[in-house]
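Presented below is the structure to which this report refers.
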Amino acid sequence: MGWHEKATGFVPTMGALHEGHASLIRLAKSQSELVVASILVNPTQFNDTRDFETYPRTLEGDVAKAQAAGADAVFAPSADALYGGKPEAAPVHWGPLTHAYEGARRPGHFDGVVAVVELLFRAVKPSFAVFGEKDLQQVGVIEKLATERHPGLRIVVAPLVREPSGLAMSSRNARLSAQGTNSALALHQALWAVQHAAKDGEVSKAVQAQREALTTNLAVTLEYLDVLDARTFTPWNGGQEARPYVVVAAEVEGVRLIDNMPLMA
Ligand code: AMP
């Protein structure tokens with residue numbers, strides 16, 4: 001087989017790599033000879049300038065971590081170089097998938113995600129690409145993107161990686177104080193409580209109770225806590241073929257955090 005025929009696995013990231021990213025790279029490496037990881041803090045997917053400006057940037061350490069996890073190459077273009085000029089994103093309308101939940105809270109976010117992933121796919125030409133379930137709605141958007149515009153490109157979904165405390169790993173966690181990190185535990189605890197209640201068929205009662213707990217928690221500003229069908233990002237109606245997940249988004253110390261769990265563990 002010539003070098004150009006080797007299967008290439010691709011792991012797009014925004015850097016500040018942690019164990020969650022490393023697990024994606026290891027998964028890619030287990031399925032292909034070549035693994036490319038990309039690092040770019042993509043301006044078009046940020047609806048909040050402060051979030052973009054304070055996003056951690058640690059390229060040197062990231063390259064070492066990517067390599068240690070099994071990446072053969074790191075692609076870290078500047079935004080201007082990748083976009084071929086001023087970074088811009090065309091609007092994408094895929095119903096609730098792009099416009100509910102994260103799409104509603106972060107207008108234009110998925111336009112930017114689709115724009116950058118399109119450009120990265122064109123540059124890297126991977127055989128498959130790995131995305132983490134931490135960004136559950138993004139997985140749905142990317143699967144739709146692949147089906148519509150990149151048939152033949154396989155999307156591999158990797159499980160969410162947590163800290164031993166239960167906190168979902170995120171590059172943004174680096175911006176939390178020790179106290180904030182502790183406060184953020186309330187998020188996965190709320191998800192866990194809903195998941196637990198599902199075993200007794202008490203989902204809506206648990207959702208109400210956990211919404212109230214997070215709303216009255218002074219360290220947390222709740223955006224949403226809901227049970228939805230991960231295929232469509234519409235509220236779960238109990239249907240048999242649905243993929244019910246409990247999802248949460250909230251701010252702690254001004255840092256926006258998201259987390260999710262399958263309703264049936
Ligand atoms: P990001 O750098 O945050 O854009 O994330 C790059 C990729 O890593 C995305 O596919 C994320 O879903 C994935 N990822 C981020 N955090 C985690 C985590 N805690 N567990 C699994 N995958 C993750």
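Counting starts at 1 for both ligands and their atoms, following the listed order. Counting from 1, the numbers follow the sequence of the chain as shown. Quick note: numbers below take in every heavy atom, side chains included, and nothing from hydrogens, waters or symmetry partners.
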Requested in this report: Look at atom 3 (O) of ligand 1 and say which protein heavy atom is nearest, naming residue and atom and giving the distance to 0.1 Å.
Outcome: Tyr55 OH, 3.8 Å

Query raised in the report: What part of Arg162 sits under 4.0 Å from ligand 1 if we count only heavy atoms: the side chain, the backbone, both or neither?
Result: neither

Query - Salt bridge Glu223-Arg106, side-chain N to carboxylate O under 4.0 Å - result: no

Query raised in the report: Mind checking whether Lys134 has an N or O less than 3.5 Å away from an N or O of ligand 1?
Result: no

Query raised in the report: Within the structure, does Leu160 bring an N/O atom to less than 3.5 angstrom of an N/O atom in ligand 1?
Result: no

Query raised in the report: How about Glu251: does its CD atom have over 12 heavy atoms from other parts shown lying under 6.0 Å from it?
Result: yes

Report summary line: Taking every heavy atom of Trp94 against every heavy atom of Val141, the minimum-distance pair comes out as CZ3-O, 3.6 Å

Query raised in the report: Heavy-atom contacts under 4.0 Å between Glu19 and ligand 1: side chain, backbone, both, or neither?
Result: neither

Query raised in the report: Got an N/O contact under 3.5 Å between Ala158 and ligand 1?
Result: no

Query raised in the report: Do Arg211 and Asp226 meet the salt-bridge criterion of a basic N to acidic O distance under 4.0 Å?
Result: yes

Query raised in the report: Which of the atoms in ligand 1, numbered in the order shown and given with their element, are less than 4.0 Å from a heavy-atom of Pro12?
Result: 6 (C), 7 (C)

Query raised in the report: Is there a nitrogen or oxygen of Met14 sitting under 3.5 Å from a nitrogen or oxygen of ligand 1?
Result: yes

Query raised in the report: What's the shortest distance from atom 10 (O) of ligand 1 to any protein heavy atom, and which residue and atom give it?
Result: Gly132 N, 2.8 Å

Query raised in the report: Would Tyr83 and Asn42 satisfy side chain to side chain donor-acceptor pair (under 3.5 Å), going step by step from the backbone distance to the final call?
Result: CA-CA 10 Å; Tyr83 281 82; Asn42 171 38; 2.6 Å; yes

Query raised in the report: Applying the side chain to side chain contact (heavy atoms under 4.5 Å, CB included) test to Val248, which of Ile258, Leu257, Leu225 qualifies?
Result: Leu225

Query raised in the report: Is it true that the NZ or CZ of Arg154 lies under 6.0 Å from the centre of Phe131's six-membered ring and within 45 degrees of the ring axis?
Result: no

Requested in this report: Take atom NZ of Lys205 as the centre, draw a 6.0 Å sphere, and report whether it contains more than 12 heavy atoms from other residues, nucleotides or ligands.
Outcome: no

Report summary line: atom 16 (N) of ligand 1: of His21, Arg172, Gln138, His18, the nearest heavy atom sits on His18

Requested in this report: Check the pair His188 / Ser165 against side-chain contact (heavy atoms from CB on, under 4.5 Å), numbers first and verdict last.
Outcome: CA-CA 10 Å; His188 95 268; Ser165 65; 5.7 Å; no

**Report entry** Protein heavy-atom partner closest to atom 12 (O) of ligand 1 - residue, atom, separation in Å
**Finding:** Asp135 OD2, 2.7 Å

Report summary line: If we number the atoms of ligand 1 from 1 as shown, the ones under 4.0 Å from a heavy atom of Val161 are 18 (C), 19 (N), 20 (N), 21 (C)

Report task. Report the part of Ala16 in contact with ligand 1, treating N, CA, C, O as backbone and CB onward as side chain, heavy atoms under 4.0 Å; options are side chain, backbone, both, neither. Result -> neither

Query raised in the report: Side chain, backbone, both or neither: which part of Leu24 comes within less than 4.0 Å of ligand 1 when only heavy atoms are counted?
Result: side chain

Query raised in the report: Can you list the atoms of ligand 1 that are under 4.0 Å from a heavy atom of Phe131?
Result: 10 (O)

Report task. Mark yes when over 12 heavy atoms from residues, nucleotides or ligands other than Glu212 sit less than 6.0 Å from its CD; otherwise mark no. Result -> no

Query raised in the report: Contact between Pro159 and ligand 1, counting heavy atoms under 4.0 Å?
Result: yes

